[in-house]
*Asks:* 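Would you mind keeping the following structure in view while I ask a few things?
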Amino acid sequence: MLISWNTTNQCNMFCEHCYRDAGAKLSEELSTAEAKKLIDEIKKAGFRIMIFSGGEPLMRPDIYELAAYAGHKGLRPVLGTNGTLISPEVARKIKEAGIMAAGVSLDSLYPDKHDKFRGMDNAFALTVEGMKNLRETGVPFQIHTTVMNWNVGELESITDFAIEIGAMAHHVFFLVPTGRGIDIEKEGLRVAEYEKTINRLLKKQTEVDIEIKPTCAPQFMRLADKKGIPMRFSRGCLAGISYCIISPKGDVQACAYLDVPLGNVKEIPFDKIWAENETLKELRTMDYKGKCGICEYKTKCGGCRARAYYYSNGDYMAEDEWCLYRPGGDSK
């Protein structure tokens with residue numbers, strides 16, 4: 001089970017697709033004591049991996065203390081970062097805190113494209129330097145790429161770069177319009193290109209040793225199954241089933257892109273929210289509507305619940321229209 005905590009809204013970037021609309025620190029962010037209480041409750045709820053993300057988590061002064069605390073409690077702490085703040089000293093602190101791995105965002109091999117998307121001059125150079133510092137310190141890392149219509153042709157090259165720089169994986173995130181991402185919805189892939197891109201990533205997976213994972217594209221489970229490509233993942237969409245996210249202020253959501261509040265950990269213990277919330281219970285029924293409800297890949301894929309919610313105007317159990325598959329048949 002995997003959980004992500006947006007440790008702070010503070011960020012040194014202004015990314016075009018940010019689901020949290022990050023930038024300035026919020027006054028209601030969890031304190032150190034509240035964060036440790038949350039970590040205790042996450043462990044009690046049965047989670048194993050805890051992602052410390054943001055905003056930019058390295059802008060939170062107690063991040064190393066909290067990551068170490070999570071490790072002490074038996075969780076596996078990992079970091080989700082833009083990489084620009086990872087100097088050799090920061091990389092050393094990351095390792096000393098017991099952070100087991102880091103996911104670093106890189107969206108293009110063209111510095112001007114990456115910098116524009118991330119809203120920060122010199123972001124590409126700083127991010128690559130951060131990866132090198134992680135490598136030299138011995139902290140495993142993977143590259144995270146958000147795929148858009150303007151960088152979709154680069155994906156295989158970014159995987160090659162990931163291998164070259166020493167990354168252990170390349171995870172490719174497909175845009176779900178949430179937060180600032182709503183403003184660039186038209187730059188996301190359309191349905192046919194969406195599935196074509198998943199197939200390209202699966203083909204690349206057969207050619208390289210590092211892991212490639214399409215993220216927020218649960219249909220990859222069906223396509224991998226049809227191609228006989230072994231995957232270590234048991235399900236596509238994990239929202240509310242074995243994954244959820246917590247905002248800097250303590251609001252719980254089933255997924256970063258599914259903007260349905262489930263409760264606040266300052267008011268209700270997280271383990272109680274996870275066990276008793278009615279929205280989570282409904283998601284776990286997998287009683288989806290439309291073709292998702294009758295699909296033979298329902299338990300392996302599940303459709304993207306956040307994308308279903310957005311394109312159905314508010315029904316997270318609706319069918320995922322971003323899928324070409326016809327249950328009992330084949331892709332169009």
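Position 1 is the first residue of the sequence; numbering continues from there.
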*Asks:* Quick check: do Glu154 and Lys113 have side-chain heavy atoms less than 4.5 Å from each other?
*Replies:* yes

*Asks:* Less than 4.5 Å apart, any side-chain heavy atom of Gln142 and any of Lys213?
*Replies:*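 A side-chain contact is absent here, since even the closest heavy-atom pair is not under 4.5 Å.
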
*Asks:* Do the side chains of Ile212 and Val104 join up, straight or via other hydrophobic residues, at under 4.5 Å, putting them in one cluster?
*Replies:*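 Per the 4.5 Å side-chain linkage, Ile212 and Val104 are not co-clustered.
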
*Asks:* Name the one of Asp259, Thr178, Asn6 that satisfies side-chain contact (heavy atoms from CB on, under 4.5 Å) with Gln253?
*Replies:* Asp259

*Asks:* Going through the distances and angles, do Lys266 and Glu28 end up as a salt bridge (charged side-chain N to carboxylate O under 4.0 Å, His left out)?
*Replies:* CA-CA 10 Å; Lys266 293 180 182 179; Glu28 307 96 331; over 6 Å; no

*Asks:* Have Tyr310 and Glu185 got a donor and an acceptor in their side chains that come within less than 3.5 Å?
*Replies:* no

*Asks:* Of Asn9, Asn12, Ile63, Thr84, which meets side-chain contact (heavy atoms from CB on, under 4.5 Å) against Glu56?
*Replies:* Asn12

*Asks:* List for me each residue that meets ring-ring contact (aromatic ring centres under 6.0 Å, His included) alongside Tyr288, sequence neighbours excluded, and say none if there are none.
*Replies:*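 ring-ring contact (aromatic ring centres under 6.0 Å, His included) list for Tyr288, sorted by chain: empty.
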
*Asks:* If you measure from the Lys or Arg side-chain nitrogens to the Asp or Glu carboxylate oxygens, is any gap between Glu156 and Lys203 under 4.0 Å?
*Replies:*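 Salt bridge flag = no for Lys203 with Glu156.
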
*Asks:* Can you tell if the side chain of Tyr243 reaches within under 4.5 Å of the side chain of Arg235, non-hydrogen atoms only?
*Replies:* no

*Asks:* Determine whether Ile241 and Met286 satisfy the following criterion, side-chain contact (heavy atoms from CB on, under 4.5 Å), listing intermediate values before the conclusion.
*Replies:* CA-CA 10 Å; Ile241 296 173; Met286 303 186 199; 4.0 Å; yes

*Asks:* Given salt bridge (charged side-chain N to carboxylate O under 4.0 Å, His left out), test Arg222 with Glu195 step by step and report yes or no.
*Replies:* CA-CA 11 Å; Arg222 164 177 56 85; Glu195 183 142 331; 3.0 Å; yes

*Asks:* Working note: Phe124 + Ser108, criterion side-chain contact (heavy atoms from CB on, under 4.5 Å); need CA distance, chi angles, decisive distance, verdict.
*Replies:* CA-CA 8 Å; Phe124 177 89; Ser108 177; over 6 Å; no

*Asks:* Of all heavy-atom pairs between His170 and Thr159, which one has the smallest distance, and what is that distance?
*Replies:*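 Nearest heavy atoms, His170 then Thr159: ND1-OG1, 2.7 Å.
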
*Asks:* Are Tyr69 and Asp40 close enough that a side-chain donor and a side-chain acceptor fall under 3.5 Å?
*Replies:* yes

*Asks:* Among Lys37, Lys43, Lys44, exactly one meets side-chain hydrogen bond (donor to acceptor under 3.5 Å, both in side chains) together with Glu41. Which residue is that?
*Replies:*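 Answer to the side-chain hydrogen bond (donor to acceptor under 3.5 Å, both in side chains) test with Glu41 among Lys37, Lys43, Lys44: Lys37.
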
*Asks:* Take Gln205 and Val208, measure what side-chain contact (heavy atoms from CB on, under 4.5 Å) needs, and give me the verdict at the end.
*Replies:* CA-CA 6 Å; Gln205 179 66 91; Val208 298; 4.2 Å; yes

*Asks:* State whether Asp107 and Lys116 are salt-bridged, where the test is any N-O pair (Lys NZ or Arg NE/NH1/NH2 against Asp/Glu carboxylate O) under 4.0 Å.
*Replies:*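 No.
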
